[in-house]
Amino acid sequence: MLDIKLLRENRKLVEDALAKRGMNISLKVFYEKDAMRLELLRKVEDLKHTRNIISKDIGVKKSKSEDAGVLLQEVKSIGTEIDEIHNSLDVLENELNDFVLTVPNIPHSSVVYGRTSEDNPVVKTWGEKKEFPFTPYSHDELAACLDIIDFEKGAKIATSGFSVSKGPGALLERALINFFLDVHTREQGYTEVYIPFIVNSASMTGTGQLPKFKEDLFKIEGEDLYLIPTSEVPITNIHAKEILERSVLPKYYTAYSPCFRKEAGSYGKDTKGLIRQHQFNKVEIVKLVEPESSYNELEALLSDAEELLKRLKLHYRVVNLCSGDLGFSAAKTYDIEVWLPGQNEYREISSCSNFEDFQARRAGIKYRPAKGEKPVYVHTLNGSGLAVGRTVVAILENYQQEDQSVVIPDALRPYMNGVTVLKPVEK
RNA sequence: GGAGAGGUGGCCGAGCGGCUGAAGGCAACCGCCUGCUAAGCGGUUUUCGUCGAAAGGCGAACGUGAGUUCGAAUCUCACCCUCUCCGCCA
């Protein structure tokens, strides 16, 4: 959510930002309603002021057993007027609030203009594409051959878009989760948290999933509860509606969670394999920081995520999402895209964003810069570190051999209970 | 799920429907005094909105929402949450 005062006072800035995102939002109605709201607010507060004074008089008179009849008459009509204005004010405020909640964040100045993911500039590359003396298989072919992931079983138990991992496949998921968490907690200073996988609508609104992206969420029937699409939601909301001491910042959190996404609107895309599932595992890293440091913290967060791919020796590149590709709540986002030889393309494996105070304002997360000073909103950041399912894809496709066996990366061996190679199963 | 108790400021804890934004205590901060880690005395310290250059004024907030009333932390209703007991259960 943007600062309503920013909207009020920097109309040009906001409109330019929205245009840069390719959004056609007119602020005209907002300004009209906002002005109307302020007018009514002043009026109703004046009336309340006089009512308070008269009411006090009535109290005094009554306590002296004097007649307060005249005052009662006077204040009664003020009361009706207050009620009337209040009603129109309520309507206006709801409308304004609903609108402001649907306005996306303003892109940072380092975000380039662009319309789609095609326009995202590559900011760095690590490693290089692996060459194979044969045509590399896709991960779903490998998974079938290794008998470690079963998509039919997932569809039978739930529906399409779910899968069953088994044996070394399930172990690989678990190994990656532990490996990621260990690096974050032991080497990068993050505190591990274990959080609810189901959250209420206030939390979803706090991080920006609601009200705009309802159709992407799984909702619990009859309850004000949703399955989380990312642990960013529960982690960031840990400190919702709090005023933190400056001394506790920055806060670094990491958590493992499954993520549940309807993926509505992506029908037909990535229907095969693990790339786009309704449920996938992810380790997330989240930061709450002071505004001045948030862009340095973003670079650090990005490199924390990159570190995992370096250890796994997986070639990747980093792109800076252009204005048209930037997510709703983000001011700036780096996507890490891992090379997938079986797909012959780079795919997002981590998304690292600075939300500035956009989420903090929605969720009500503040800190006090110094004793006696006014509380200000923190900046929130998060990134995947990493998406587990897509890391499995990357490992299968990059570490495959001609006989369709897959070598386990060295960094993962300590977590694999002695398994060093995944071997095709005779059928 | 059933029965009971309760939800007040950073924390603890008062609060007959009117002068209570909220006693008292603790904590923190500032000052004074004293000068052996301490104590004493005085003062300050919620948040949001709005007007203002500022000082400050005004409005609002005692789980949430509605209601009664000229006026509600205090009365009524609904909902949420916490705790205890029972049930169920990993």
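All values reported here derive from a predicted model rather than from experimental measurement. Chain letters run A, B, ... following the sequence lines, proteins first, then strands; residues in each count from 1.
Nucleotide B:rG59 holds its C1' atom 12 Å from the CD atom of A:E93, rounded to whole Å. The distance between atom CG of A:L72 and atom P of B:rC70, rounded to the nearest whole Å, is 7 Å. When the P atom of B:rC81 is taken as reference, atom CG of A:N200 falls 10 Å away, rounded to whole Å. The nearest whole Å value for the distance from the CG atom in A:D46 to the P atom in B:rG57 is 16 Å. Distance, A:I82 CD1 to B:rC70 C1': 10 Å, rounded to whole Å. Rounded to whole angstrom, the span from the NZ atom of A:K374 across to the P atom of B:rC48 amounts to 5 Å. Rounded to whole angstrom, the span from the CG atom of A:N87 across to the C1' atom of B:rA66 amounts to 13 Å. Atom P of nucleotide B:rG49 and atom CG of A:L40 are separated by 19 Å, given to the nearest angstrom.
You'll find that the side chain of A:I243 is closest to B:rU47, out of B:rU47, B:rC70, B:rG49. Listed nucleotides B:rC48, B:rU50, B:rG18 differ in distance to A:P375; the shortest reach to its side chain belongs to B:rC48. Distance from the side chain of A:L38 is smallest for B:rC51 among the nucleotides B:rG49, B:rU47, B:rC51.
Under the Watson-Crick and G-U wobble criteria, each requiring two contacts below 3.5 Å, nucleotide B:rG6 is paired to B:rC81. Across all strands shown, B:rG42 forms a Watson-Crick or G-U wobble pair, both distances under 3.5 Å, with B:rC30. Look at B:rG17: it lacks any Watson-Crick or wobble partner with both distances under 3.5 angstrom. Across all strands shown, nothing is found opposite B:rA90 as a Watson-Crick or G-U wobble partner with both distances under 3.5 Å. Here B:rG59 sits opposite B:rC48 as a Watson-Crick or G-U wobble pair (both hydrogen-bonding atom distances under 3.5 Å). Pair assignment for B:rA66 gives B:rU76, based on Watson-Crick or G-U wobble hydrogen-bonding distances that are each under 3.5 Å.
Mapping A:G79 and A:K48 onto RNA chain B via the closest heavy atom, the residue that lands nearer the 5' end is A:K48.
Atom name C1', nucleotides B:rC79 and B:rU47: the rounded distance is 25 Å, in whole Å. Atom P of B:rA38 sits at a distance of 26 Å from the matching atom of B:rC12, rounded to the whole Å. The gap from the C1' atom of B:rG24 to that of B:rG9 amounts to 13 Å, rounded to the nearest Å. A gap of 23 Å separates the C1' atoms of B:rC26 and B:rU82, to the nearest Å. Only the P atoms considered, B:rC11 is 16 Å distant from B:rC48, to the nearest whole Å. Straight-line distance between the C1' atoms of B:rC30 and B:rA22: roughly 24 Å, to the nearest whole Å. Using P as the reference atom, B:rA14 and B:rG57 are 32 Å apart when rounded to the nearest Å. For B:rC41 and B:rA55, the P atoms lie 33 Å apart once the distance is rounded to whole Å.
A sub-4.0 Å separation between OP1 or OP2 of B:rA60 and a side-chain N or O of A:N52 is present. A sub-4.0 Å separation between OP1 or OP2 of B:rA28 and a side-chain N or O of A:R368 is absent. The shortest distance between the side-chain N/O atoms of A:R42 and the OP1/OP2 oxygens of B:rG57 is not below 4.0 Å. Distances shown here put every side-chain N or O of A:K56 at or beyond 4.0 Å from the OP1 or OP2 atom of B:rG18. For the pair A:K366 and B:rC48, the criterion of a side-chain N or O lying under 4.0 Å from OP1 or OP2 is met. Distances shown here put every side-chain N or O of A:K62 at or beyond 4.0 Å from the OP1 or OP2 atom of B:rG71. Look at A:H49 and you'll find a side-chain N or O under 4.0 angstrom from OP1 or OP2 of B:rG59. A sub-4.0 Å separation between OP1 or OP2 of B:rU50 and a side-chain N or O of A:K5 is present.
Shown here is A:K423, whose NZ atom has no more than 12 heavy atoms of other residues, nucleotides or ligands within 6.0 Å. Crowding of A:K153 atom NZ: a count of heavy atoms from other residues, nucleotides or ligands under 6.0 Å not exceeding 12. More than 12 heavy atoms of other residues, nucleotides or ligands lie within 6.0 Å of CZ in A:R8, so this atom counts as buried by the packing criterion. Within a 6.0 Å radius of NZ in A:K313, other residues, nucleotides and ligands contribute 12 heavy atoms or fewer.
Side-chain rings of A:F260 and A:F197 stay apart, their centers remaining 6.0 Å or farther from each other.
Using a 4.0 Å heavy-atom criterion, one finds that A:L41 contacts the sugar-phosphate atoms exclusively. Within the nucleic acid shown, A:R8 comes within 4.0 Å of sugar-phosphate atoms alone, with no base atom in reach, counting heavy atoms only.
Comment: A:E152 does not engage A:K156 in a salt bridge, judged by the lack of any side-chain N to carboxylate O separation of less than 4.0 angstrom. Of the charged side-chain nitrogens involved, none lies within less than 4.0 Å of a carboxylate oxygen, so that A:E397 and A:R347 do not count as a salt-bridged pair.
Taking the six-membered ring for Trp and thresholds of 30 and 60 degrees, A:F162 and A:H278 have ring planes inclined between 30 and 60 degrees apart.
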